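Note sheet for the following structure.
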Amino acid sequence: MASVGPPTTSTQPDLPSGIAVFLKIPYAFILPEIVFGTWVWILVAATSVSFPLLQGWVMYVSLTSCLISLLLLLGYLLGFHKNSENWKVLDSLYHGATAILYMSAAVLQANATIRSESGPNSPLYYQLNCAATFFAFITTLLYILHAFSIYYQ
């Protein structure tokens, strides 16, 4: 005689592996975070880092975030997480902290943009800084969306 009971629910997180990473929110945000963050780094580097104190922090945050996000993406693609709850916590904490750091970098880049408006090589550097500021705020938004999406998942 088979016993019939309530359905069991699994407490294991359903973390994607392989190509499924690109199809499930919030994990699908990782690739755009890397791409837009790389654009921030490239555009700031193209300005010859006119304001080293401001833009040095922007370059540090963008490059470090790109590299760590790339490692995280590879971890998801290769299935290193083994569907562990700890991996989900790590992902949430990383993206939350990075969102805060990226917000500070985006504000500093906006300041550098304003200051480059009247400097030498004004039109070119101003346009590059405007683009870098735009991508910095978009990248910040992506990190915020990722952090909150995984938290509320």
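In this text the structure is predicted, and so the values were computed from the model without any measurement.
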Are Ser118 and Tyr126 side-chain neighbours, meaning at least one heavy-atom pair lies under 4.5 Å? no
Minimum side-chain heavy-atom gap Ser65-Tyr60 below 4.5 Å: no
Minimum heavy-atom separation for Ser149 to Pro26, with atom names? CB-CB, 3.4 Å
With sequence neighbours left out, what residues match His95 under ring pair (Phe, Tyr, Trp, His ring centres under 6.0 Å)? Tyr143, His146
Trp57 vs Ser104 side-chain heavy atoms within contact, under 4.5 Å: yes
Side-chain touch Leu73/Phe22, heavy atoms, less than 4.5 angstrom: yes
With sequence neighbours excluded, residues passing ring pair (Phe, Tyr, Trp, His ring centres under 6.0 Å) with Tyr27: Tyr76
May I ask you to check whether over 12 heavy atoms, not counting those of Leu53, lie within 6.0 Å of atom CG? no
Does the side chain of Ser48 come under 3.5 Å of the side chain of Tyr125 through a donor N or O and an acceptor N or O? yes
For Phe148, does the CZ atom have more than 12 heavy-atom neighbours from other residues, nucleotides or ligands under 6.0 Å away? no
Without swapping roles, check the side chain of Thr140 against the backbone of Tyr102 for a donor-acceptor pair under 3.5 Å. yes
What residue among Asn111, Asn129, Leu124 forms side chain to side chain contact (heavy atoms under 4.5 Å, CB included) with Ser116? Asn129
Side chain proximity check, Phe137 to Met103, heavy atoms < 4.5 angstrom: yes
Among pairs that include at least one residue of residues 16-34, which meet salt bridge (Lys or Arg N to Asp or Glu O under 4.0 Å), considering only residues two or more places apart or in two chains? Asp14-Lys24
